[in-house]
Amino acid sequence: MSGAQQPPYARLKDISPSDDGRIVSVAGWVEDIRNLGGVVFIILRQREGTLQLTFKKKDDPDILGQAVAVNRESVIGATGRVVANKQARNGFEILPAKLEVLSPAEAPLPLGVVDKVGAELDTRLDNRFMDLRKPEHRALFAIRSLALRSIRDYMYANGFVEVHTPKLAGAGAEGGASLFETDYFGKRAFLSQSPQLYKQMLMATGFDRVFEISPAFRAEPSDTVRHITEFISFDAEVAFIRHQEDFLKMLEECVVGSIAYVKEHGKEHLEILGLDPKVPSLPIPRLLYVDAIGILQEYGKKVKEGDDIDTEGEKIIGRAMQEKGHELYYIRDYPSAIKAFYVMPKEDDPEYSNSFDMEYKGMEMASGGQREHRYDKLVERMKAFGLDLVNFDFYLKPFRFGMPPHGGWGFGIDRFVQKMLDLPNIREAVLFPRDRNRLIP
RNA sequence: GCCCCGGUAGUCUAGCGGUCUAUGAUCUCGGUCUGUCGAGCCGAGUGCUCGGGUUCGAAUCCCGACCGGGGCGCCA
């Protein structure tokens with residue numbers, strides 16, 4: 001273990017058949033041990049793939065004995081000679097002269113990494129560290145990372161400032177009942193369900209364009225494949241707009257760009273998963289709310305103008321749009337009555353609002369719109385919603401001292417990854433998901 | 001929170017009142033084998049979620065709790 005005198009461990013990508021004869025040290029997880037009696041193979045797994053260690057009884061029976069004694073999924077280090085060999089994976093194998101167990105794994109494993117049986121999601125999540133040793137599961141998160149990187153790149157390139165608003169707050173963001181309550185030095189506090197009010201307040205500062213990628217918490221006891229209690233929300237707010245179309249263009253470019261970025265830079269990961277997501281063409285369709293209701297009526301669903309679109313309706317529209325070749329689209333101009341208090345009703349038809357949802361494969365990815373920036377109108381609407389204005393003084397104050405017209409969106413990162421990769425459950429797209437029953441790990 | 005379905009070895013499953021000393025696979029352990037790469041072959045090991053009840057008898061039927069799967073409501 002006198003590490004300082006020894007060369008660093010070589011990675012799989014640093015070794016090739018042309019290194020024949022070279023002495024290298026490698027480390028990794030023991031994926032499998034194949035004991036053929038006179039010869040033993042250890043399949044060693046690293047981040048990028050697996051390589052083979054070969055032990056021959058006639059060369060060194062002692063080290064062969066050590067190799068056979070190692071438990072699967074232990075972390076080992078080995079030093080030996082590289083031998084080019086067409087029979088071995090990668091075209092080479094290593095014949096170790098030294099083998100050390102850096103961290104043994106107990107047996108049996110709580111979850112097999114290469115076992116020929118499946119495991120339920122619940123079991124996998126209970127043992128997530130082990131589950132993520134499977135390349136196809138790590139690939140999901142490599143892709144998620146790429147998608148986020150592309151989103152950030154787009155936002156920075158378009159003049160947005162990345163911000164962080166508080167996740168602990170003394171008042172509920174939108175006055176809903178779906179807040180987690182906690183004790184804050186004897187006072188009641190809530191986990192933020194949305195950065196909504198804070199990002200709007202920032203519109204009164206001169207930043208003009210802000211975005212935030214951070215957790216949001218919802219205490220709704222939803223038990224579905226598309227809800228978790230802690231999710232990552234990508235929020236943005238833009239000042240000095242004339243119409244929501246001014247930023248819808250940005251959102252669609254950002255989202256479509258993210259899918260394209262994943263396809264371009266995540267080829268190896270998509271290959272592991274056998275996936276090839278479609279890149280929607282720009283601009284994506286804008287379906288008016290009233291037309292969406294029309295589609296539902298065409299499909300025989302009993303809805304009337306003014307109704308909210310329920311899950312079934314959302315799925316029907318998803319299929320209808322899919323038939324026309326559209327996976328990603330906006331639904332615009334919802335009735336004012338079914339949207340939050342901060343939405344701006346349309347000038348010419350106040351029954352409807354400057355609001356939108358972005359839908360991807362029949363699931364809501366984002367919602368947003370132009371906000372009511374006129375103090376009097378905002379207060380009027382808040383009263384109509386039955387909100388106690390005393391609790392919202394901190395929010396309303398900026399509206400009395402010069403608030404530019406503005407709007408923005410909230411976009412669910414976890415759902416985006418779920419739909420882009422056609423995952424059956426949002427929990428697959430989250431490392432350590434939180435839901436109604438799961439708080440550990 | 002509501003509706004439907006389910007909970008069997010570390011993992012995934014069959015069984016659905018006695019014939020269950022519970023099926024198969026995977027896994028683990030032991031044996032064998034000098035080119036495996038889903039290694040092979042021989043042998044062994046581990047289990048009916050918990051608590052009540054019905055019955056001569058319960059993995060199996062009933063009730064409750066907890067947990068899981070699907071759907072709904074709501075939403076990102």
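Residue numbers begin at 1 in each chain, while the letters A, B, ... track the order of the sequences.
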* **Sequence-aligned protein contact record of nucleotides 36-46 of chain B, with B where the base is within under 4.0 Å of a protein heavy atom and S where only the sugar-phosphate is** => BBBB-------
* So, does A:Ser336 use its side chain to make a donor-acceptor pair with the main chain of A:Pro350 at under 3.5 Å? -> yes
* Please give, in whole Å, the distance from B:C2 P to A:Glu220 CD? -> 16 Å
* Kindly assign one of parallel, tilted or perpendicular to the pair A:Trp409 and A:Phe160, based on the angle between their ring planes and the thresholds 30° and 60°. => tilted
* Structure fact -> Which of A:Glu237, A:Gln244, A:Gln200 passes side-chain hydrogen bond (donor to acceptor under 3.5 Å, both in side chains) with A:Arg371? It is A:Glu237
* To do: Could you please name the option among B:G10, B:U11, B:G68 that lies closest to any side-chain atom of A:Asp122?
  => B:G68
* Asked: Cation-pi between A:Arg332 and A:Phe356: NZ/CZ under 6.0 Å from ring centre and within 45° of the ring axis?
  -> no
* Asked: When we call it a touch if two heavy atoms are under 4.0 Å apart, what does A:Gly118 touch: a base, just sugar-phosphate, or nothing?
  -> sugar-phosphate
* To do: Rounded off to whole Å, could you give me the CD1-to-P distance for the A:Ile151 and B:A76 pair?
  => 16 Å
* **Side chains of A:Arg133 and A:Glu31 in contact at under 4.5 Å (non-hydrogen atoms)** => no
* Hey, can you pull the residues of residues 53-72 of chain A with a non-hydrogen atom under 4.0 angstrom from RNA chain B? -> A:Lys56, A:Lys58, A:Asn71, A:Arg72
* A:Thr123 side chain near B:G10 phosphate (N/O to OP1/OP2, under 4.0 Å) -> no
* With a non-hydrogen cut-off below 4.0 angstrom, is A:Lys315 in contact with a base, only sugar-phosphate, or nothing? -> sugar-phosphate
* **Lys/Arg cation over aromatic A:Tyr334: A:Lys339, 6.0 Å, 45° cone** => yes
* Asked: Going by modelled atom types, is there a donor-acceptor pair between the base of B:C75 and the side chain of A:Ser367 at under 3.5 Å?
  -> no
* Asked: What nucleic acid atoms does A:Glu230 come within less than 4.0 Å of, heavy atoms only: base, sugar-phosphate, or nothing?
  -> nothing
* Structure fact -> From CE of A:Met130 across to P of B:U11 the rounded distance in Å is 12 Å
* Asked: Which nucleotide in the list B:G70, B:G73, B:U11 gets nearest to the side chain of A:Val225?
  -> B:G70
* Inter-nucleotide C1' distance (B:G64, B:C20), Å rounded -> 27 Å
* To do: Can you see which heavy atom on A:Asp333 is nearest to which on A:Tyr289, and at what distance?
  => O-CB, 3.3 Å
* Asked: Of all the choices, B:C74, B:A76, B:C67, which nucleotide is nearest to the side chain of A:Asn437 once you look at every atom?
  -> B:C67
* Kindly indicate whether the side chain of A:Arg415 and the base of B:C75 share any N or O donor-acceptor pair separated by less than 3.5 Å? => yes
* Structure fact -> Side-chain atoms of A:Val117 come closest, of B:C12, B:C27, B:G73, to B:C12
Distances under 3.5 Å only, N/O to N/O: pair up the protein atoms with those of nucleotides 13-15 of chain B.
none

* To do: Quick one: sort the A:Phe394 and A:Phe392 rings into parallel, tilted or perpendicular, breaks at 30° and 60°.
  => parallel
* Could you work out the separation of B:A44 and B:U55 based on their P atoms and round it to a whole Å? => 41 Å
